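Note sheet for the following structure.
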Amino acid sequence: MASLQSLRGMVDLLPEHTPLWQQLESTAREHFRRAAIREIRTPLLEATELFARGIGEATDVVGKEMYTFIDRGERSCTLRPEGTASVVRAAIQHGLLAQGPQRLWYGGPMFRYERPQAGRQRQFHQIGVELLGVADATSDAEAIAVAWDLLADLGVGGLQLEINSLGSADDRLRYRAELVSWLEAHHDQLDADSQKCISTNPLRVLDSKNADTQALLAGAPTLAAALCGDSHERFSQVRQALEALGIPFVLNPRLVRGLDYYGHTAFEITSSQLGAQATVCGGGRYDGLVEQLGGPATAAVGWAIGLERLVLLLSQAQGAIAAAAAPDLYVISRGAAAERLALGLCRQGRQAGLVVERDASGAAFAKQFKRADKSGAVWAAVAGEEEAAEAVVVLKHLRDPQRQDRRLPIGAAVQELLGRE
RNA sequence: GCGGGCGUCGCCAAGUGGUUAAGGCAGUGGCUUGUGGCGCCACCAUUCGGGGGUUCAAGUCCCCUCGCUCGCCCCA
């Protein structure tokens, strides 16, 4: 088409799709409300430095996926590629952390310049939870439980929770050195992508999708073995808490995160019903981030759910969700005076709480009745020249041919329908 | 950034080089000058994402380009 199109990776959600999104969002809101987690809304646009410092300069997200530009004030700005950094920035900026632990959730569009594929767009939507100022292992489990219960309640099938411990910063530093020397010793047996990772982000080699590399890694030093006693103990407490909650999980010693701020607990919830992009929810602990962004030392744990993938799952699981409700009343009119009368009826009906649709086509009555029928409305109100002259409308039941039509002034017609609903 | 698949009406979709590009859905008008759901009739792509080329002849073959899509990387 030569006509204008949306930008690559930027999709329109048409009216037939928005009900599912609305249902999903309202279910999430209800879960957060019950968990005493409050909403925070931050700007879509932030200083580039926030993400560079928060997520990590060396990550792919910051290195090659951000929508960054210089604004008219010569500032480098970036459309948020994720939500955590903004939430932490806002918490620091407004001194929320001085008021005790913060239980926050956020939602909305995020932007990453990637090649679109199933379940991945350039403008995509996340909903996420951040628990700031909580250091105990049970909070990790609580955060996971909120995500797990939400997904289960939405009816997402084939869920699996995978967890791992990335250990403390010291643990990772030590392990990283061990791993790098091992990887270098086996350099020639690795796939090309993994070879490139050795110098930039060696831990990522662990979850390579290359089968040969995975087989080779069986002999590599493990992250678990590199954890210090405290880290081990902490991870064990998280697992015990999950067991106590009855939330099933599998240990995945190869699970690592792509954002630099994570440490200790890392987890992903995947669905077997998705294709290559199987992760619906990802998160973990990030005890160093608040301080790194200039705030007080604050322990924290959080996660994000990708809504596009969720919608993909839900739309194939339950088929198309019920479309918007049919109107209570469909108003048919013809002729200038009748159209004015019909307009007034619509307004009164709506003010009274009815869902009212008006046919503004001025087409033949037969046509308008066809559309009234198709709209799914139970009642139709008809106004033509005769009715307009008497200031009444004809109320007609569209689903029961036995019912008599009634001629009523518009106020009485609205009352009549309210009584019957 | 790198691979594979695909691109014919708003949607689905025939069409395997030969004169006027099936059909279905949706839409519009009518049969029915003010009463629907069924039925019937008519209308609805001078054009096959765009641009070049090959050929007497191209939606059908070739090249380029754009777009969509799936996967890699990475991530939710």
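Keep in mind that the numbers below use all heavy atoms, side chains included, and drop hydrogens, waters and symmetry copies. Lettering follows sequence order; numbering is per chain, from 1. Everything numeric here is computed off the predicted structure, so don't read it as measured data.
- Exactly one of A/E25, A/M110, A/E308 qualifies for a side-chain contact (heavy atoms from CB on, under 4.5 Å) with A/H125. That residue is A/E308.
- Contacts of A/L259 with the nucleic acid, taken as non-hydrogen atoms under 4.0 Å apart, involve only primed sugar atoms and P, OP1 or OP2.
- Using P as the reference atom, B/rG49 and B/rG67 are 16 Å apart when rounded to the nearest Å.
- Between the side chains of A/Q368 and A/Y330, no donor N or O sits under 3.5 Å from an acceptor N or O.
- As judged by a 4.0 angstrom heavy-atom cut-off over every strand, A/R204 is placed among residues touching the sugar-phosphate backbone only.
- B/rU20: no Watson-Crick or G-U partner with both key distances under 3.5 Å is found in any strand.
- Residue A/L14 contributes atom CG, which lies 11 Å from atom P of B/rC11 at whole-angstrom precision.
- Ring to ring, A/W21 and A/H17 are not that close: their centroids are 6.0 angstrom or more apart.
- Listed pair A/R257 / B/rA76 meets the phosphate criterion, a side-chain N or O lying under 4.0 Å from OP1 or OP2.
- In this structure, the nucleotide among B/rA76, B/rG71, B/rG34 sitting nearest to the side chain of A/A118 is B/rG71.
- Base pairing annotation: B/rU28 forms a Watson-Crick or G-U wobble pair with B/rA42, both donor-acceptor distances under 3.5 Å.
- B/rG10 and B/rG52: their P atoms are spaced 23 Å apart (whole Å).
- Nucleotides B/rG51 and B/rC43 have their C1' atoms positioned 33 Å apart, rounded to a whole Å.
- With both ends at atom C1', the span from B/rA14 to B/rC31 equals 31 Å, rounded to whole Å.
- With distances taken from any side-chain atom of A/R115 to the nucleotides B/rA76, B/rC2, B/rG29, the minimum falls on B/rC2.
- Proximity note for A/K370 (side chain, C-beta onward) versus B/rC2, B/rC72, B/rC31: the nearest is B/rC31.
- The distance between atom CD of A/E16 and atom P of B/rC25, rounded to the nearest whole Å, is 19 Å.
- Among B/rC74, B/rU28, B/rC68, the nucleotide with an atom closest to any side-chain atom of A/R8 is B/rC68.
- Using modelled atom types, one finds a donor on one side chain and an acceptor on the other under 3.5 Å when comparing A/S86 with A/E46.
- With P as the reference atom, B/rA58 and B/rG53 are 12 Å apart, rounded to whole Å.
- A straight line from CG of A/L312 to C1' of B/rC70 spans 12 Å, rounded to a whole angstrom.
- Residues A/C77 and A/I70 form no side-chain contact, since every pair of their non-hydrogen atoms from C-beta on lies 4.5 Å or further apart.
- Rounded to the nearest Å, the gap between the C1' atom of B/rU60 and that of B/rU47 is 14 Å.
- Between A/R234 and A/Q237, the side chains place no donor N or O within less than 3.5 Å of an acceptor N or O (distance only, hydrogens not considered).
- To the nearest angstrom, P of B/rG10 lies 13 Å from CD of A/Q5.
- For the residue pair A/T68/A/T78, the side-chain donor-acceptor check at 3.5 Å is satisfied.
- Ranking B/rC73, B/rG34, B/rG36 by closeness to the A/E385 side chain, first place goes to B/rG34.
- Within 4.0 Å (heavy atoms only), A/D60 reaches sugar-phosphate atoms of the nucleic acid but no base atom.
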Could you pull out all donor-acceptor pairs under 3.5 Å where a side-chain atom in residues 253-264 of chain A meets a protein atom, sequence neighbours excluded?
from	atom 1	to	atom 2	distance (Å)
A/R254	NH1	A/Q214	OE1	2.5
A/R257	NH2	A/E268	OE2	2.7
A/Y261	OH	A/E82	OE1	2.4
A/Y261	OH	A/T84	OG1	3.4

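- For A/R371 and B/rU35, the shortest distance from a side-chain N or O to OP1 or OP2 is not below 4.0 Å.
- Heavy atoms of A/R334 sit under 4.0 angstrom from primed sugar atoms or phosphate atoms, though from no base atom.
- Residue side chain A/F369 meets the stacking definition with respect to B/rU35: its ring centre sits within less than 5.5 angstrom of the base's six-membered ring centre, and the planes differ by less than 30 degrees.
- Among the atoms of the strands shown, base atoms are found under 4.0 Å from some heavy atom of A/E386.
- Rounded to whole angstrom, the span from the CD atom of A/Q195 across to the C1' atom of B/rC72 amounts to 16 Å.
- Within 4.0 Å (heavy atoms only), A/K374 reaches sugar-phosphate atoms of the nucleic acid but no base atom.
- Residue-level contact check: A/A372 touches neither bases nor backbone, having no heavy atom under 4.0 Å from any strand.
- Candidate nucleotides B/rG34, B/rC74, B/rU35 were compared by shortest atom distance to the side chain of A/E387, and B/rG34 ranks first.
- Per the geometry, CD belonging to A/Q273 stands 17 Å off C1' belonging to B/rA76, to the nearest Å.
- Here A/Q117 reaches the OP1 or OP2 of B/rC72: one of its side-chain N or O atoms lies under 4.0 Å away.
- Salt bridge annotation for A/E390-A/R407: present, with a cationic side-chain nitrogen under 4.0 angstrom from a carboxylate oxygen.
- Near RNA chain B, meaning a heavy atom under 4.0 Å from it, residues 280-290 of chain A has A/V280, A/C281, A/G282 in order of number.
- Using P as the reference atom, B/rC48 and B/rU20 are 14 Å apart when rounded to the nearest Å.
- No side-chain N or O of A/D149 forms a donor-acceptor pair with one of A/H31 less than 3.5 Å apart.
- Between A/E82 and A/G384, the residue whose closest nucleotide on RNA chain B is further toward the 5' end is A/G384.
- Rounded to a whole Å, the CD atom of A/Q404 is 17 Å from the P atom of B/rU35.
- With no hydrogens or angles considered, a side-chain donor-acceptor pair links A/S361 and A/R371 at under 3.5 Å.
- Pairing for B/rG7 is with B/rC66, a Watson-Crick or G-U wobble pair whose two hydrogen-bonding atom distances lie under 3.5 Å.
- Ranking B/rG71, B/rA76, B/rG29 by closeness to the A/A363 side chain, first place goes to B/rG29.
- Residue A/R122 contributes atom CZ, which lies 18 Å from atom P of B/rC74 at whole-angstrom precision.
- Comparing B/rA21 with B/rC9, their P atoms sit 14 Å apart, to the nearest whole Å.
- A/G119 comes within 4.0 angstrom of a base, heavy atoms only.
- In this entry B/rG34 has no Watson-Crick or G-U wobble partner, no candidate having both defining distances under 3.5 Å.
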